[in-house]
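Worksheet: the structure to be examined is printed underneath.
Below, read A as the first sequence line, B as the second, and so on, with proteins coming before strands; counting in each chain starts at 1. All values reported here derive from a predicted model rather than from experimental measurement.
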Protein chains: 2
Amino acid sequence: MSAYSHLQMTSPATTQRTLSTAEQRRAELVEAAVRVFAERGYAAPTTEIAKAAGISQAYLFRLFPTKPDLFAAAYEVASNRMYEAFAQAAAEAKASGEDPLEAMGRAYTDLIRRDREVLLMQIHSYVGAGIDDAARAAVHRCFERLYDLLRRETGASEQEAKQWFAYGMLINVMAAIHADEVDAEWAQVLTQEPEEGDC
Amino acid sequence: MSAYSHLQMTSPATTQRTLSTAEQRRAELVEAAVRVFAERGYAAPTTEIAKAAGISQAYLFRLFPTKPDLFAAAYEVASNRMYEAFAQAAAEAKASGEDPLEAMGRAYTDLIRRDREVLLMQIHSYVGAGIDDAARAAVHRCFERLYDLLRRETGASEQEAKQWFAYGMLINVMAAIHADEVDAEWAQVLTQEPEEGDC
DNA sequence: GCCCGGAGTGAGTGACTAATCACTCAACAG
DNA sequence: CTGTTGAGTGATTAGTCACTCACTCCGGGC
């Protein structure tokens, strides 16, 4: 019978009317996909994603014809979320006369706590980029946009940009391997927040 | 670890046998596993690894009872190869009065060209670390050993060590996503070799 | 009332894959 | 020659996965 009909029956009556119901479901599905892919990687089964989204697996495949399509959409959403966080941090820093480079650096560490999924999706996409051409293109686009934003908004030099990305990658990896749960010097050093005099 | 560590045992000179010893086959299998896992990630099927090693899939499972066991062994070999490269670079630099920190940095970029598999295994293990407990432990051990080596041999400060690892992670990721094949400013900047005045 | 189209699903299917099992054969000791 | 042991395999199994299809349900237009 209705196996999981008790999940979210309270569908908001005041839904945004700009989205049709199918588009809305698609958006919900992608949100769920981000959650599950972030946790279990590309190998996450579609059944589990469908369950997380509260729909049947069959309907998942109506909304996204193939699994790579779904993964690409999830990655797109996650990398947009990251981009927006950085753009906002840069804009706010600019408005308040702060150093935008430093603000964007802080935005990264903030992102770990608030939105761990985004960083995990990033790591998983690096693996996907080694195999899937579409994933690789998406990852390259993400780096390009972020690099352009950084150079444009902060005026960082090439060397500064490189260093900024390097620390970002370190944060990504440390989050992926759960270094924060390890009680050892290396873990403490490599996950600690940057001090003031960082160079 | 110590169970399969006899890489080149003394082959019996008196008797020539057409059949290999199990230990020898195990070592060959692990070498093949490193190649295949590096290329295709944790999802690489055991049939393919067996084929690469020139043995049957059934025998693969006799030599390693489970796939995670095999992956862990492959990762161990790959990270040892990395460790040895760093240790050697540090030792040589020390002997010749060079700066060991810089030498170890150069060893990393050299490693990309010579032994790309090692870096790819590293990236793949980050994903494995999010799922498999054994893989996570292995990755943590690898970081610990490397961190200790760095601090001991180069006398780098915590901050210097952190920066060294950050650049290492950047190199890892750029290799994984094939950034070197991209013709764009971000790719060129993030993959270029470090200049002399890097800080 | 009746059709039509879109939302949504239960029940599959074929392809694969980790792991098992029953078995063969080579080598050697006695 | 014979019994034993370890190397090695073909065939199979149990389970999982991406993906499909025939179907139901429901609201709106005629």
Checklist entry - Roughly how many Å is it from CG in B:Leu29 to C1' in D:dG8, rounded to a whole number? => result 13 Å
Checklist entry - Expressed in angstrom and rounded to an integer, what is the separation of A:Phe64 atom CZ from C:dA7 atom C1'? => result 16 Å
For nucleotides 17-22 of chain C, which of its nitrogen or oxygen atoms have a protein nitrogen or oxygen under 3.5 Å away, and what is each distance?
from   : atom 1 : to      : atom 2 : distance (Å)
C:dA18 : OP1    : B:Lys67 : NZ     : 2.9
C:dA18 : OP2    : B:Thr46 : N      : 2.9
C:dA18 : OP2    : B:Thr46 : OG1    : 2.7
C:dA18 : N7     : B:Gln57 : NE2    : 3.4
C:dA19 : OP2    : B:Lys67 : N      : 2.8
C:dA19 : N6     : B:Gln57 : OE1    : 2.8

Checklist entry - Can you pull the salt bridge (Lys or Arg N to Asp or Glu O under 4.0 Å) pairs that have at least one residue in residues 164-183 of chain A, sequence neighbours excluded? => result A:Glu181-B:Arg136
Checklist entry - With sequence neighbours excluded, what pairs up with A:Gln88 under the side-chain contact (heavy atoms from CB on, under 4.5 Å) test? => result A:Glu92
Item to check | Value in whole Å for how far the C1' atom of D:dA7 lies from OH of B:Tyr59 | outcome: 5 Å
Checklist entry - Tell me: CG of A:Leu60 to P of C:dG10, nearest whole Å? => result 14 Å
Item to check | By ring-ring contact (aromatic ring centres under 6.0 Å, His included) - contacts of A:Phe61 (at least two apart) | outcome: none
Checklist entry - Is any side-chain heavy atom of A:Cys142 less than 4.5 Å from a side-chain heavy atom of A:Met82? => result yes
Checklist entry - D:dA7 P sits how many Å from B:Gln24 CD, rounded? => result 11 Å
Side chains of residues 36-43 of chain A: which donor-acceptor partners sit under 3.5 Å, not counting sequence neighbours?
from    : atom 1 : to      : atom 2 : distance (Å)
A:Arg40 : NH1    : A:Glu48 : OE1    : 2.8
A:Arg40 : NH1    : A:Glu48 : OE2    : 3.2

Checklist entry - To the nearest angstrom, how far is A:Arg26 atom CZ from C:dG8 atom P? => result 11 Å
Item to check | Listed once per pair and sorted, the salt bridge (Lys or Arg N to Asp or Glu O under 4.0 Å) pairs that draw on residues 28-37 of chain A, sequence neighbours left out | outcome: A:Arg25-A:Glu28, A:Glu31-A:Arg81
Next on the checklist: Distance check needed: C:dG6 P versus A:Leu63 CG, whole Å only.
Outcome noted: 14 Å
